[in-house]
Amino acid sequence: MKPPRVRIAPSPTGDPHVGTAYIGLFNYVFARKHGGAFIVRIEDTDRARSTEGSEEAIFAALRWLGLEWDEGPDIGGPFGPYRQSERGPIYSEHVDLLLATGKAYRCFATKEELEAMRETQKAEQRPTAYDGRYRDYDRAQAEARARAGEPHVVRLKVPRDGETVFQDGLRGEVRFENRLIDDAVIMKSDGFPTYHLANVVDDHLMGITHVIRGEEWITSTPKHILLYDAFGWTPPEFYHLGLLRNADRSKLSKRRNPVSIDHYRELGILPQTFLNFLATLGFSIADDRDRFTLDEMIEKFDWSRVSVGGPVFDGRKLEAFNGDDIRGLSLDEFVEQLQSRVLAPARLRELAALVHERINRLDDFVPYASFFFGGALDYTPVLAKFSIKKRTRAEVLDVLTEFMQGIERDPDARGFTAEGLERFSRTFCEQTGWKTRDIFGLLRVVVTGRTAAPGLFETMAAVGKDRVRLRIRDALRVISELPEEAPAVAAPPQPAKPKKDKKDKKKKDRRPPEAPSRGAEQPVSQDKSSET
RNA sequence: GGCCCCAUGGUCUAGCGGUCAGGACGUCGGCCUCUCACGCCGAAAGCUCGGGUUCAAUUCCCGGUGGGGUCACCA
């Protein structure tokens, strides 16, 4: 086999996603196995959703895992630039090419117009698809309107009949009827290419030989094949891996699970352990062994050892692996890990600043700062002395859920700095009509498990976004399971969980932080993910 | 709903026509032990269903069912 060239193409729209690591791992291993190149390309053609800092965070996460790339935006390479926002002229050239050969056409339909079209189609129980209203529009007229600066998109002219077939390296032949594929937008009205176009053009120009990506892309693959055809190019080989799932088998989403690589890093998962665990979610090295190193995986890698059903991401197993590996460390190594990861000087200083004026003896630092560490908290003690009056349980659940969504979406909150969080939180109060003292108190309890703690926003920032999210999710579960008669978050007449026998305790202590919460979940809102 | 993908214990998987269906996590029981943890031993728990093909199907084919993905000027 001549050296393959593979890539991951993350979109810088949020925290580094475990899916990116999963797909990245398989790409990386395949490249290394065959002495090929592993490339990182940033797909940032969506100007609205790309966020500052996300790109760096993705690089840092991949490097932490040890998935080093051979070409990428930060290290360059012979086929750059590797950031799609810097490749504008290349895309326009290629669009012009398709326009000139009649493989694509300009479409002047407005978003509203298309929305109305879809509504009608839905109402009539027909599949929603672009109806081709500008497909045969007069070329000269279209060019004139375009020259006049009228906003429009460019669409691929998909053949009306026949079918598009491709070989999936993991699934065999996959066929789609062309009449069911609508004319995909390839250039948006802002002049940026869509994913489909940029992806195909870049993969071709960068010499990508194997496209290894998530199953969610299968249905857009025929569009890509058609694009390769339109350009007269030979498509690469495709391998669609199964999607990582939540415990309920839906596509892994942060609504139900911690999905940030940073979260696992912060909780003290060892990078090689994390890779090993991800690898087992689809790859098997042998009949009766599931612990192996990255090098062993590379050595033994073969597509016939890759399974394709979407695996549930089971944090308990990850932790079991991690525990094993921690025990495998020498005492010196263990201490080194603690010093570099849990109590690194900068981290210690950050926490010390918050604890400084609140303790009387130095060694109170450790118990005082306990909530800065670990995953879920035990809310039993604090439940005995905390309540919100005049608010129903449903209101509490709602407001926490909204808050959790807010820290994801809000530009102020997303960076998770004390200032940003405070700005966001105060606005949030105004919008929800909650008194600051009520909601800040509630958040304090949720985030720290205590009614007294350092300043809420400094504390939240130091606790970290992923832990905060995890605790809110866990709190939602706990609150929803409180006895019915409890007003909101309140001290029930008797303790909520009056007696815990040995077994219960054991169970609780062992429950991993990642355990997905149940009973307090919101309607699914799928995470958007990049091609990784 | 249309289209597409998938299907071995609760979860991740091995299996590639004939196996007591193997391993791992989790669960349960026991041993070790001042406690816990680790470690060790053991147990319960699985081939989605129905048709074919075959001397023989978990394994091959078809269909049902179930799950998932996708139907944007997001990737």
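Chain identifiers are assigned alphabetically (A, B, ...) following the order of the sequence lines, protein sequences preceding nucleic acid strands; residue numbering begins at 1 within each chain.
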**Request:** Kindly say if A/Arg118 contacts the phosphate of B/rG1, meaning a side-chain N or O under 4.0 Å from OP1 or OP2.
**Result:** no
**Message:** Only pairs with both distances under 3.5 Å count, Watson-Crick or wobble alike; so what is the partner of B/rG10 in this structure?
**Reply:** B/rC25
**Ring centroid separation A/Phe371 to A/Tyr379 under 6.0 Å** = no
**Prompt:** So what's B/rA56 paired with, Watson-Crick or G-U wobble, going by both distances under 3.5 Å?
**Reply:** none
**Request:** Please determine if A/Asp203 and A/Arg41 form a salt bridge, counting it only when a charged side-chain N lies under 4.0 Å from a carboxylate O.
**Result:** yes
**Prompt:** Where is the tightest heavy-atom contact between A/Glu296 and A/Ile285, given as atom of each residue plus distance?
**Reply:** O-CD1, 3.7 Å
**Asked** In whole angstroms, how far is the C1' atom of B/rU11 from the CZ atom of A/Arg256?
**Response** 17 Å
**Message:** At 4.0 Å (heavy atoms only), tell me whether A/Asp324 reaches a base, stays on the sugar-phosphate, or touches nothing.
**Reply:** sugar-phosphate
**Asked** Want to settle it: does A/Met187 or A/Arg305 sit nearer the 5' end of RNA chain B, counting the closest nucleotide to each?
**Response** A/Arg305
**Request:** Report the base-pairing partner of B/rA75 (Watson-Crick or G-U wobble, both distances below 3.5 angstrom), or none.
**Result:** none
**Prompt:** B/rC71 C1' sits how many Å from A/His196 NE2, rounded?
**Reply:** 11 Å
**Item:** Closest listed nucleotide, where the reference is the side chain of A/Arg155 and the choices are B/rC25, B/rC73, B/rG69
**Value:** B/rC73
**Asked** Looking only at atom P, what distance separates B/rU48 and B/rG67, rounded to whole Å?
**Response** 15 Å
**Item:** Among B/rU13, B/rU70, B/rC6, the one nearest A/Ser284 by side-chain distance
**Value:** B/rU13
**Any-strand Watson-Crick or G-U partner of B/rG17, both distances under 3.5 Å** = none
**Request:** Take atom P in B/rU59 and the same atom in B/rC4, then report the distance between them in whole Å.
**Result:** 23 Å
**Asked** Across the strands shown, which category fits A/Arg291 at heavy-atom distances under 4.0 angstrom: base, sugar-phosphate, nothing?
**Response** nothing
**Fill in**
Testing B/rG26, B/rC4, B/rU11 for proximity to the side chain of A/Thr219, the answer is B/rC4
**Asked** Whole Å only: how far is the CZ atom of A/Arg245 from the P atom of B/rU70?
**Response** 11 Å
**Prompt:** Reckon A/Phe321 touches a base, only the sugar-phosphate, or nothing at all at heavy-atom distances under 4.0 Å?
**Reply:** sugar-phosphate
**Prompt:** Looking at A/Thr280, does any N or O in its side chain come under 4.0 Å of the phosphate oxygens OP1/OP2 on B/rU13?
**Reply:** no
**Complete:** With the side chain defined as heavy atoms from C-beta on, A/Thr128 is closest, among B/rC71, B/rG69, B/rA24, to B/rC71
**Item:** Distance between P atoms of B/rG68 and B/rC73 (Å, rounded)
**Value:** 26 Å
**Message:** Could you tell me how far B/rC47 sits from B/rU58 if I compare only their P atoms? Round to whole Å.
**Reply:** 10 Å
**Message:** Nearest whole Å is fine: how far is B/rG22 C1' from A/Ile285 CD1?
**Reply:** 17 Å
**Message:** Heavy atoms only, 4.0 Å cut-off, all strands: where does A/Gly242 land among base, sugar-phosphate and nothing?
**Reply:** nothing
**Prompt:** Atom NZ of A/Lys188 and atom C1' of B/rC73: how far apart are they, to the nearest Å?
**Reply:** 7 Å
**Request:** Please state how far atom CG in A/Leu243 lies from atom C1' in B/rC12, giving the value in whole angstrom units.
**Result:** 16 Å
**Request:** Remember a base hit wins even if backbone is also touched, and classify A/Arg179 as base, sugar-phosphate or nothing at under 4.0 Å, heavy atoms.
**Result:** nothing
**Message:** Between the base of B/rC73 and the side chain of A/Ser189, is one N or O donor paired with an acceptor at under 3.5 angstrom?
**Reply:** yes
**Prompt:** According to the Watson-Crick and G-U wobble definitions, with both distances under 3.5 Å, which nucleotide is paired to B/rC31?
**Reply:** B/rG39
**Fill in**
From CD of A/Glu173 across to C1' of B/rC6 the rounded distance in Å is 18 Å
**Request:** Among the candidates B/rC73, B/rG2, B/rC12, find the nucleotide nearest to the side-chain atoms of A/Val153.
**Result:** B/rC73
**Request:** Report yes if at least one side-chain N or O of A/Ser307 is closer than 4.0 Å to OP1 or OP2 of B/rU13; otherwise report no.
**Result:** yes
**Ion pair check, A/Lys157 and A/Asp183, cut-off under 4.0 Å** = no
**Request:** For B/rU65 versus B/rC49, give the span between their C1' atoms, rounded off to a whole number of Å.
**Result:** 7 Å
**Ion pair check, A/Glu408 and A/Arg469, cut-off under 4.0 Å** = yes
**Asked** Any salt bridge between A/Arg145 and A/Asp138, counting N to O under 4.0 Å?
**Response** no
**Asked** Could A/Glu173 and A/Arg175 be called an ion pair, given the rule that one side-chain N must be under 4.0 Å from one carboxylate O?
**Response** yes
**No-H, no-angle donor-acceptor pair, A/Lys111 side chain to B/rC73 base, under 3.5 Å** = no
**Prompt:** What does A/Ala184 touch in the nucleic acid at a heavy-atom separation under 4.0 angstrom: a base, only the sugar-phosphate, or nothing?
**Reply:** nothing
**Asked** Which sits closer to the 5' end of RNA chain B, A/Pro311 or A/Gly172, going by the nucleotide each is nearest to?
**Response** A/Gly172
**Request:** Answer with base, sugar-phosphate or nothing: what part of the nucleic acid does A/Phe192 contact at a heavy-atom distance below 4.0 Å?
**Result:** nothing
**Whole-Å C1' distance, B/rC61 and B/rC3** = 23 Å
**Message:** Which nucleotide wins on minimum distance to the side chain of A/Val308, given the candidates B/rA75, B/rC3, B/rC6?
**Reply:** B/rC6
**A/Val174 side-chain proximity, nearest of B/rC4, B/rA75, B/rC3** = B/rC4
**Message:** Would you measure the distance from the C1' atom in B/rG2 across to the matching atom in B/rA21 and give it in whole Å?
**Reply:** 39 Å
**Prompt:** Are A/Asp15 and A/Lys465 within salt-bridge range, i.e. N to O under 4.0 Å?
**Reply:** yes
**Item:** Phosphate contact (B/rG10 OP1 or OP2) by A/Arg249 side-chain N/O below 4.0 Å
**Value:** no
**Lys/Arg N to Asp/Glu carboxylate O, A/Glu71 vs A/Arg7, below 4.0 Å** = no
**P gap between B/rG46 and B/rG23, integer Å** = 15 Å
**Message:** Between C1' on B/rC73 and NZ on A/Lys223, what's the gap in Å once rounded to a whole number?
**Reply:** 13 Å
**Prompt:** Hey, does the side chain of A/Arg316 come within less than 4.0 Å of B/rC12's phosphate (OP1/OP2), counting only N and O?
**Reply:** no
**Prompt:** Hey, does A/Thr45 reach any base, or is it just sugar-phosphate, or nothing, if we go heavy atoms under 4.0 Å?
**Reply:** sugar-phosphate
